[in-house]
Amino acid sequence: LTKGGRRVAAAAAAQAQRLLSERDVVMLLHEKGALALPQLIKHFKEVLPSFGAEEKKYLQDIIKKVAKLDKRADGSYAVLKDTTMHEYGLRRP
């Protein structure tokens with residue numbers, strides 16, 4: 001990337017961080033239970049004003065931190081890690 005391109009990417013990442021928090025992802029997964037990755041991404045695409053590559057990467061980084069992937073015959077599902085449940089004081093439904 002050029003210097004200007006890096007600035008634009010950094011600005012997009014900063015905006016994503018302001019509009020999307022780790023807590024948003026944790027609470028959605030806690031409320032819904034296991035969510036297929038495409039459903040999870042679709043949800044945040046619908047609620048964020050812009051959702052490009054930087055926002056998608058930021059979301060993926062959050063998912064990797066707070067959830068584990070449960071691979072099933074019909075796809076991969078994000079499920080909150082036990083450590084995340086404990087950190088946020090949550091219990092399994």
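- Here R72 pairs with D70 under the salt bridge (charged side-chain N to carboxylate O under 4.0 Å, His left out) rule; sequence neighbours left out.
- A continuous path of Ile, Leu, Val, Met, Phe, Trp and Tyr side chains, each step under 4.5 Å between heavy atoms, connects L40 with L90, placing both in one hydrophobic cluster.
- Judged as a salt bridge (Lys or Arg N to Asp or Glu O under 4.0 Å), the pairs with a partner in residues 28-43 (not counting sequence neighbours) are, in order, K42-E46.
- D61 meets the side chain to side chain contact (heavy atoms under 4.5 Å, CB included) test with K57; sequence neighbours excluded.
- Y88 places none of its side-chain heavy atoms less than 4.5 Å from the side chain of L80.
- The hydrophobic cluster containing Y77 does not contain F44, counting ILVMFWY residues as joined when their side-chain heavy atoms lie under 4.5 angstrom apart, directly or transitively.
- Under a hydrophobic-cluster definition in which Ile, Leu, Val, Met, Phe, Trp and Tyr are linked whenever side-chain heavy atoms come within less than 4.5 Å, directly or via other members, V26 and M85 are assigned to the same cluster.
- For the atom pair NZ (K81) and CG (L29), the distance works out to 12.0 Å, reported to the nearest 0.5 Å.
- No side-chain heavy atom of L20 sits less than 4.5 Å from a side-chain heavy atom of E55.
- Exactly one residue among D24, V25, L48 makes a side chain to side chain contact (heavy atoms under 4.5 Å, CB included) with L59. That residue is V25.
- Residues passing the side chain to side chain contact (heavy atoms under 4.5 Å, CB included) test with D82, sequence neighbours excluded: R92.
- When all heavy atoms are compared, the tightest approach of K45 to F51 is CG-CD2, 3.2 Å.
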Going by atom type alone, with no hydrogens or angles, which donor-acceptor pairs under 3.5 Å involve a side-chain atom of residues 62-69 and a protein atom two or more places apart or on another chain?
residue	atom	partner	partner atom	Å
K65	NZ	E22	OE1	2.8

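- Under the side chain to side chain contact (heavy atoms under 4.5 Å, CB included) criterion, S76 pairs with L37, K71, sequence neighbours left out.
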